[in-house]
Amino acid sequence: MGIIAFIILGLLAGIIAKAILPGDDPGGIIVTAIIGIVGALLGGFLAAALFDAHPLDEFFDISTWITAIVGSIILLLIYRLVVNRGGHTLRT
């Protein structure tokens with residue numbers, strides 16, 4: 001998968017993760033894209049480690065999208081835990 005496709009996948013996965021876990025998160029489209037891209041990498045790493053799979057090979061494969069979204073949700077939860085420990089409050 002090319003870098004542009006991976007950035008688009010990450011951005012969309014981050015948007016979907018924020019839609020699944022709504023809340024008042026700091027950051028805009030850039031933070032969403034970073035969470036999505038790193039979340040996709042995290043999801044791909046976890047899928048490779050747990051299931052010996054390589055789901056981030058094809059852009060239009062459902063396993064690529066599920067992996068990226070689940071990884072983004074995990075990263076978003078970690079991000080919220082870190083932000084909450086920093087003394088910030090999140091409104092839900």
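Computed from a predicted model, the values in this text were never measured in an experiment.
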Could you tell me which residues satisfy side-chain contact (heavy atoms from CB on, under 4.5 Å) with Ile66, sequence neighbours excluded, listed by chain and number?
Ile62, Val70

Measuring from atom CG of Leu11 to atom CD1 of Ile30, what distance do you get when rounded to the nearest 0.5 angstrom?
8.5 Å

Could you tell me the separation between the OG1 atom of Thr67 and the CG atom of Leu42, rounded to the nearest 0.5 Å?
10.5 Å

Pairing residues for Ile16 by the side-chain contact (heavy atoms from CB on, under 4.5 Å) criterion, not counting sequence neighbours:
Ile20, Ile69

For Leu21, the side-chain contact (heavy atoms from CB on, under 4.5 Å) test, sequence neighbours excluded, returns Ile73, Leu76, Leu77, Arg80

Closest non-hydrogen atoms of Ser72 and Ala40, given as atom of the first, atom of the second and distance, are OG-N, 4.2 Å

Distance in Å, Ile7 CD1 paired with Leu12 CG, rounded so as to fall on 0.5 Å steps:
12.0 Å

